[in-house]
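Working notes for the structure below.
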Amino acid sequence: AVGEWSGRPHPRCEILGFMAKLRGRRVAITGGAQGIGRSIGEALIATGARVALGDVQDALVKKTATELGESATGHHVDVTDPRSFETFLV
């Protein structure tokens, strides 16, 4: 019935708990120049993670990283190119 407790945490609580485990860790985010990728970066930085934002939009991803502060770096990455993706992860 509506309002009954299922015994499981709300999905948002589970996500926030997972993100808290990333405090102090480095996280790679593709598509990080704008939109969802940028928002994920912002949320992870807020929990104490450091983020490497990757995107094919070089100037924009570097601008985004600068706007997000010292916990973010911006990098060129083309996920359709295996070498580009590997370089991003190294």
Side-chain angles (χ1 to χ4, degrees):
V2 175
E4 286 186 30
W5 183 57
S6 67
R8 292 183 36 220
H10 185 276
R12 182 173 179 167
C13 293
E14 291 176 4
I15 291 169
L16 293 175
F18 170 74
M19 289 175 68
K21 292 179 183 177
L22 297 174
R23 179 181 313 276
R25 303 200 75 164
R26 185 99 167 134
V27 180
I29 302 169
T30 59
Q34 59 188 349
I36 295 171
R38 179 190 172 117
S39 295
I40 291 169
E42 290 171 340
L44 288 169
I45 289 169
T47 66
R50 296 181 47 80
V51 300
L53 305 172
D55 207 291
V56 294
Q57 299 180 73
D58 295 335
L60 185 56
V61 77
K62 298 222 185 271
K63 179 178 183 270
T64 298
T66 299
E67 290 171 355
L68 296 184
E70 63 184 37
S71 293
T73 56
H75 307 271
H76 172 82
V77 65
D78 179 352
V79 297
T80 66
D81 176 1
R83 277 199 170 168
S84 175
F85 189 66
E86 184 177 324
T87 300
F88 172 60
L89 293 178
V90 174

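The figures that follow rest on heavy atoms only: side chains count, while hydrogens, waters and symmetry mates do not. Count residues from 1 along the sequence.
Phe85 and Ile29 fall into different hydrophobic clusters, where Ile, Leu, Val, Met, Phe, Trp and Tyr residues are linked whenever their side-chain heavy atoms come under 4.5 Å apart, directly or through other members. Residues Ile40 and Val51 fall within the same hydrophobic cluster, defined by Ile, Leu, Val, Met, Phe, Trp and Tyr side chains chained together at heavy-atom separations under 4.5 Å.
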**Request:** Could you check Lys62 against His76 for side chain to side chain contact (heavy atoms under 4.5 Å, CB included), going step by step and ending with a plain yes or no?
**Result:** CA-CA 9 Å; Lys62 298 222 185 271; His76 172 82; over 6 Å; no
**Message:** What verdict does the side chain to side chain donor-acceptor pair (under 3.5 Å) test give for Thr73 and Arg26, after you've listed the backbone C-alpha separation in whole Å, the side-chain angles of each residue and the deciding distance to 0.1 Å?
**Reply:** CA-CA 10 Å; Thr73 56; Arg26 185 99 167 134; 2.7 Å; yes
**Message:** Set out, in order, the CA-CA distance, both residues' side-chain angles and the distance that settles side chain to side chain contact (heavy atoms under 4.5 Å, CB included) for Leu44 and Leu22, then state yes or no.
**Reply:** CA-CA 8 Å; Leu44 288 169; Leu22 297 174; 3.6 Å; yes
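A distance of 10.5 Å separates CD in Gln34 from OG in Ser39, rounded to the nearest 0.5 Å.
At most 12 heavy atoms of other shown residues, nucleotides or ligands fall within 6.0 angstrom of atom CZ in Arg25.
Across Ala72 and Ala65, no two heavy atoms sit closer than the pair CB-O, 3.8 Å. Nearest heavy atom pair, residue Phe88 against residue Ala28, reads CE2-CB, 3.7 Å.
Residues Leu68 and Leu53 have side chains in contact (heavy-atom distance under 4.5 Å, counting atoms from C-beta outward).
Remark: the backbone N or O of Ala33 is paired with a side-chain donor or acceptor of Thr64 at under 3.5 angstrom.
Residues passing the salt bridge (charged side-chain N to carboxylate O under 4.0 Å, His left out) test with Glu67 are Arg38, Lys63, sequence neighbours excluded.
Of the listed residues (Val79, Val61, Leu60), just one forms a side-chain contact (heavy atoms from CB on, under 4.5 Å) with Asp55, and that residue is Val61.
Evaluation of the salt bridge (charged side-chain N to carboxylate O under 4.0 Å, His left out) test over residues 69-90, restricted to residues two or more places apart or in two chains, returns none.
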